[in-house]
Amino acid sequence: MQLKRFLWFFVFLAIQVLVFNHVQVYGYGVPMVCILPILLFPLETPRWQILLWSFAIGLLEDIFTNTPGMSAATLTLIGMVQPALLRSFTPRDEEDDDAGLVPSSHTLGWAAFVRYLIVATLLQALCFFTLEAFSFFNIWKYLINILSSWAMTAIILTAFESIRSGTSRHTTT
C-alpha cells in the first residue's frame, strides 16, 4: 500500500512540476494538484504519517519549483487539518464506522466530496498566496491569485476524481 501511495505522490509531483506550474491565466494563479493525494488519506491513517507525507511532497515541490518552504508549509497545514475536514464532510449516519473511511465520491457522495475539495483547495490557496505575498499591499493581485488558483485547482481535482471514480466503477463490474 505504501508503494502505491509513493507512486501516486510521484505522479502528482511530476504533473505539478512539468505541467501545471506552466499553466497560468493572464499571469495569475497556478493549479496546485499535489493536494489530492493528501486529501485521499483514509480516516484511520495516523496523523504523524499524513504530516510526514504532506511535508515530504511539499518539500519536493519547493525544491523543483523554487518556492522556499511555501509548499511545504501549505501542504503540512492541509495534512494537519485533513482528518478534521474529512470528518466534517462525512455523512452523519456513517459516524459509527468511519474509521476505515477512504475519501472518494463513492463513499462521501459527489456533493460532499466536491465541498470537501472546495474547502481544502481554498484553504491551500489562501495559505500559499498569503505566504507568497506576506503583505496585503497589492490586495487585488492577492485576491485574484487566490481565487484563480482555487477555482482551477478545484475544477481539475474534480475532473481527476471523476476519472478515478469512473475507472474504479468499471473495474469492479
Asks: Write down the atom of Ile38, the atom of Cys34, and the distance for their closest heavy-atom approach.
Replies: CD1-O, 4.0 Å

Asks: Return the minimal non-hydrogen interatomic distance between Ala154 and Thr158, and the atom names on each side.
Replies: O-OG1, 2.7 Å

Asks: Identify the two heavy atoms, one from Pro42 and one from Pro103, that lie closest to each other, and give their separation to 0.1 Å.
Replies: CA-CD, 4.1 Å

Asks: With clusters built from Ile, Leu, Val, Met, Phe, Trp and Tyr whose side-chain heavy atoms come within less than 4.5 Å, directly or transitively, what are the remaining members of the cluster of Met80, listed by chain and number?
Replies: Leu51

Asks: Less than 4.5 Å apart, any side-chain heavy atom of Ser162 and any of Trp110?
Replies: yes

Asks: Let's go through Thr90 and Leu108 carefully: what are the C-alpha distance in whole Å and the side-chain angles of both, what is the deciding distance for side-chain contact (heavy atoms from CB on, under 4.5 Å) to 0.1 Å, and is it a yes or a no?
Replies: CA-CA 6 Å; Thr90 303; Leu108 296 176; 4.3 Å; yes

Asks: Can you see which heavy atom on Ile50 is nearest to which on Gly79, and at what distance?
Replies: CG2-O, 3.4 Å

Asks: Starting at CD of Gln16, measure out to OG1 of Thr65 and round the result to the nearest 0.5 Å.
Replies: 7.5 Å

Asks: Mind checking whether Phe6 and Leu36 sit in one hydrophobic cluster, side chains of I, L, V, M, F, W, Y counted as touching below 4.5 Å?
Replies: yes

Asks: To the nearest 0.5 Å, what is the distance between CG on Leu86 and CG on Leu43?
Replies: 5.0 Å

Asks: Is there a continuous path of hydrophobic side-chain contacts, each under 4.5 Å between heavy atoms, that joins Val11 to Phe64?
Replies: yes

Asks: Linking I/L/V/M/F/W/Y whenever any side-chain heavy atoms sit under 4.5 Å apart, do Phe113 and Val81 land together?
Replies: yes

Asks: Check whether any side-chain heavy atom of Gln82 sits under 4.5 Å from a side-chain heavy atom of Tyr116, and report yes or no.
Replies: yes

Asks: Quick one: list whatever passes ring-ring contact (aromatic ring centres under 6.0 Å, His included) with Phe10, sequence neighbours left out.
Replies: none

Asks: Measuring from Leu85:CG to Leu39:CG, what's the distance to the nearest 0.5 Å?
Replies: 7.5 Å

Asks: Hydrophobic clusters join Ile, Leu, Val, Met, Phe, Trp and Tyr when side-chain heavy atoms are under 4.5 Å apart, directly or via other members; which others share one with Trp48?
Replies: Leu52

Asks: Using the ring-ring contact (aromatic ring centres under 6.0 Å, His included) criterion, which residues pair with Tyr142? Sequence neighbours excluded.
Replies: Phe136

Asks: What pair of heavy atoms forms the shortest contact from Gly29 to Ser149, and how long is it?
Replies: CA-OG, 3.1 Å

Asks: Find out if a path of hydrophobic residues (ILVMFWY) with successive side-chain heavy-atom gaps under 4.5 Å connects Phe160 to Phe41.
Replies: yes

Asks: Before you tell me yes or no, could you show the steps for Leu157 and Val33 under side-chain contact (heavy atoms from CB on, under 4.5 Å), namely the whole-Å CA-CA distance, both residues' side-chain angles and the distance that decides it to 0.1 Å?
Replies: CA-CA 7 Å; Leu157 294 185; Val33 299; 4.0 Å; yes

Asks: Could you check if a side-chain atom of Leu60 sits within less than 4.5 angstrom of a side-chain atom of Phe9, using non-hydrogen atoms only?
Replies: no

Asks: Return all side-chain donor-acceptor pairs below 3.5 angstrom for residues 118-129, not counting sequence neighbours, or 'none' if the list is empty.
Replies:
unit_1 : atom_1 : unit_2 : atom_2 : d
Thr121 : OG1    : Leu117 : O      : 2.7
Thr121 : OG1    : Ile118 : O      : 3.2
Thr121 : OG1    : Trp150 : NE1    : 3.4

Asks: How long is the straight-line distance from CD1 of Ile78 back to OG of Ser71, given to the nearest 0.5 Å?
Replies: 11.5 Å

Asks: For the residue pair Leu40 and Val102, establish whether any side-chain heavy-atom pair is separated by less than 4.5 Å.
Replies: no

Asks: Are Pro37 and Ile57 packed together at the side-chain level, in the sense that at least one heavy-atom pair is separated by less than 4.5 angstrom?
Replies: no

Asks: Is it the case that one hydrophobic cluster holds both Ile35 and Trp8, taking links as side-chain heavy atoms less than 4.5 Å apart, direct or via other members?
Replies: yes

Asks: To the closest 0.5 Å, what do you measure between CD1 (Ile139) and CD1 (Ile144)?
Replies: 10.5 Å

Asks: Output the distance between atom OG1 (Thr67) and atom CD (Glu132), rounded to the nearest 0.5 Å.
Replies: 9.0 Å

Asks: How would you list, by chain and number, every residue that makes a side chain to side chain contact (heavy atoms under 4.5 Å, CB included) with Gln49, sequence neighbours excluded?
Replies: Gln2, Thr45, Pro46, Trp53

